[in-house]
Every structure is written in structure tokens, then in C-alpha cells.
Amino acid sequence: MALPSCRYPRDTVGTLEHVRGGELRVGVIENPPWTVVRGDTVTGIEATLIASLAARLNAHVAYSFGSEQHLFGQLDEHALDVVIGGLNAKDPRAREAAFTRPFYTDSILVTVPEPSTLAHDFALKSKHVWALPLGENEWLVTVERHLHSNERAVAAMLRSLQ
Amino acid sequence: MKLRHPLELTPEKNEARDRAIRLEAVSLVVLILAAFLIYLTLGQSQAMKTAWVSDLLALIPPIAFLVASRFELRPPNERYPFGYTRSMSVAFLITAVLLLIVGVWLLYDAVMKLLRGERPAIGTAVLFGRQFWLGYAMMGALATTVVASFILGKRKSAVAEPLHSKVLEADADMNKADWTSEGAAIVGIALVGFGLWWGDAVAAGLISLTIIWDGWHNLRQVLGDLMDENPSKLGSHELEDLPRRIRDEAESLEWVDKAAVRLREHGHALYGEVFVVPRDGADNELVTALEDARKRLCTIDWRLNSLVIAPVLSIEDDPTPETHTETRSS
């Protein structure tokens, strides 16, 4: 994918070309510790990954906020390049967007302190993904390669938070 | 005359039949493996799902054939006085209908994909530490299934010929539907890789038209078979000349003046009647007695449309059912 004359696969509307050296438009769903929103700034594990991706592509990051429905709509219209924020592979919106390979899978045991309205402790198995527009396969491959090379970093960041 | 004799095959035909059965059993195993291989590369995209489902549907004709072949050679009994050779026609019907369903469904799926502007998302996979575009894996899996289906189809056609088996020919058509649609899927994925999102749907749509044509063609054949149509040649609507050859042979007998032949297909077997007018026609007491008897027997029930009375030297295994009068009070 690095050879300029032999790009395969390609995007249908040239998302990667538009991002590279330009603007990376990110839709953010707040979900600590994955995304932490304070005013207009976004921090957290996924924000860190976005920053390194943008640096790699020589792009500057523009964050957008809104409901999941709104952000996915923007993604579909190619007004956004990626939506992040603790998205789960099992999200019902999986058909509206291209979900990446999971960059982190965990089995979280949620312990509930007594007394509580919740009856007992429960476990959540969670595959963390990002959402990209459908049909932008060169972009998808680029993002997935970046995520894959950062999988260990994600695990390390999570551990340091505990 | 033995009325309950099953379909008897020459050693050569028996060998062909055994080959067919082995081939269909192998088909099942190969197709299950192929379906599993495709399942592994399904990923999140819809692109492969149609290939996968049509692969699964292709499992049904071999199963139908294997089940029918267990029944086919059974001798006739009280419940089935004509025997079980029609079980092959049932397998043929199932196969033809499935072929048509697969074709129609693929066409519908392709058209809906185009109308909805669905753009396939094909990302990466990681295997043994190496990350690569999933599209290559999909094309690889499809290529293996193309080869497998192609070989199976060609072998089945070869075995269908000596057995004059329309079921096997139809199943071979099912395999052809598989490898052509899988080939189209490869082209489709390659086009998607070039950014042409509609590539997959257009390729699948074009191929589905050929599958519909094959399904329809087979369905017409099996419906004809079930309607007791005059035997037609394998894979065509052209009528066979076998009835005419039988008639000519009958008329060559010195005591026969004129003859007429009526044949129908029962799976792999042919059943029928030969009507002969003897040379001493109206003077022949037996013939006139038979004509009178036929008219008389036909009046027994309004449904008796055609009865053929055949004089034989002796009767073994009378297939006429013995009815038991049951008391309904208990």
C-alpha cells in the first residue's frame, strides 16, 4: 500500500488521499477511559491513537461531537472520516459503517457494591473497534494497520490506569 | 410374469451407479469443507455471504440423490406397485427447484445491493503475525471452491451420461452455478479493490441470470417427467426415438400388423405399454375378448381412464393390495 502507483485496495471517494496532508475529521462519543471530553479537547486511550495516526499521515485533527446516531449519519455522508469512543463490535450500527478489526478485547467483570438495585456482578466481553465509512477500503486498511501496531500500547495504557 | 421385480442393472450400469453414489458422497464432504473455508473469510462484509449461502444450498441435491438411491432399487410392494424408481424424480425436483431459488435469490440480492448503494467494506486480517488485506484471503478461498465445484460438476456430468441420470445432470448444473457465481465473486472483490463498489453486485447479478436459466430449464424437464412426458434426451427437450424403435421392432414380428408405444420416465427407469394389432385382428377371439373386458372393467369406477389388460402366462407376486375391512365402532 506504500507504492504510489500501485494502490490496492482503493477508496471509492478517496478518503485516505483527503486525510493525508489534510484534515482528519473524527466523531467522538464520550466513553472514559477510551475518550475523555473536556470542552473541546479530547483525551483518553483512543484520542492518543488518533493523534499518532494523524501525525503519521501529516494531518491535523478536527473533532466533532454529537449523539451516536448523528455521528454515524455524518460518517455515512462522508462528512466524517472516523467515529471513536469505546465502540463495541456488537453495536447494532455495525451494518451502517465499516467496523475495524478489534484493537482490544476484554472481559470486564463489573462488581457491584452492596446494596444496589443491580442484583449481582456481571461480566462484559467487549471487542473495541472504530467506525469508518463503508467502501473506503484503502482508508480501512491504513487505520487497521495503525491500530494493529498499537495493540500492545493500548493494553499498557489500560494497565497504567488501574 | 414377475410383477414385483425391481430395476435391474447390467454390471456396467451398476458400476456407473456406484461411481455416482461415491461421487455424491465426496461432493458432500468437499462442499462442507468449501463452505467452512468461505465462512472463515466472511469477515464483516456482505460480499461473501451470498457465495456462502449458495454453497450451503448446493449440499441439498447430493443428499437428495443419496437418499433416493437407497430407495431406487427396492422391489415393488403392496403400497408401491410400480416400485421406487420415481424417488430419483423426487430428487430431481428438489434439485431443480433449489437451483431456481438460488438463481432468483442471487439476482434479488444483487439488485438490492445496487439499489441501496451498498459499498462492501473489506479490511485486514492477521494470521501468524502477518497483516494482509482480507480481500486476498476471500479471493483465495473462492478460487479453491471454484476449482472444487468445477471438478465435481465435470465428474458428475460424466457419470450422468451412462446412467441417463437427469438428477446427476441437474446436480452438475448446481455445481456450475456454484463455480460461476464464485468466479463472479472473485471478479467482484477485485473490482471492489479498485474502488468500484458496484463490481460485486453486477458480477453476481449477471451470473444469477444464467443460474435462473439453468434452474428453469431443469424444472421444465422434471415437471415433464412427473407428467409422464414421452422420454426426452438427457439435458434437452428433444424427444427420444426409443418409442419409435420399439414400435418398429414390434411391427417386425410376423404376427403383428400394427403397433403403438407409450413410454414414460420413472427416475432412471422407463415404464410403458406397447399396443399391437395382430394380423388376424377381428378374427382373433382373445383380442375381441380383451377389448370387451377392457370396456367392462373401465365402467367399474369413473376415474378409470385407461386400463391395459395384458395376458400373461402366470402371475407371481400379485401387487394388488388386499383390503382389510375395518370395524369403525371401536
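All chains are named by letter (A, B, ...) in the order of the sequence lines, taking the proteins before the strands, and each is independently numbered beginning at 1.
Heavy-atom distances place the backbone of Ala125(B), and not its side chain, under 4.5 Å from chain A.
For the pair Glu144(A) (side chain) and Gly123(B) (backbone), a donor-acceptor distance under 3.5 Å is absent. Side-chain atoms of Glu138(A) do not come within 3.5 Å of backbone N or O of Gly193(B) as any donor-acceptor pair.
Closest approach of Met139(B) to Tyr8(A), counting heavy atoms only: CE-OH, 4.4 Å.
At a threshold of 4.5 Å between non-hydrogen side-chain atoms, the residues Trp133(B) and Pro9(A) count as touching. Taking the side chain as every heavy atom from C-beta outward, Val13(A) and Arg119(B) approach each other to under 4.5 Å. At a threshold of 4.5 Å between non-hydrogen side-chain atoms, the residues Arg101(A) and Val126(B) count as touching.
In the displayed structure, Trp216(B) atom CH2 is contacted under 6.0 Å by at most 12 heavy atoms of other residues, nucleotides or ligands.
Evaluation of the side chain to side chain donor-acceptor pair (under 3.5 Å) test over residues 68-80 of chain A, restricted to residues two or more places apart or in two chains, returns Glu68(A)-Arg93(A).
Distance check, rounded to the nearest 0.5 Å: CG of Leu134(A) to CD1 of Ile122(B) gives 11.0 Å. Interatomic distance, His148(A) NE2 to Arg130(B) CZ, rounded to the nearest 0.5 Å: 11.0 Å. Taken from CZ in Arg145(A) to CZ in Phe132(B), the straight-line distance is 10.5 Å, to the nearest 0.5 Å.
Among Asn137(A), Leu140(A), Thr12(A), the residue making the largest number of heavy-atom pairs under 4.5 Å with chain B is Asn137(A).
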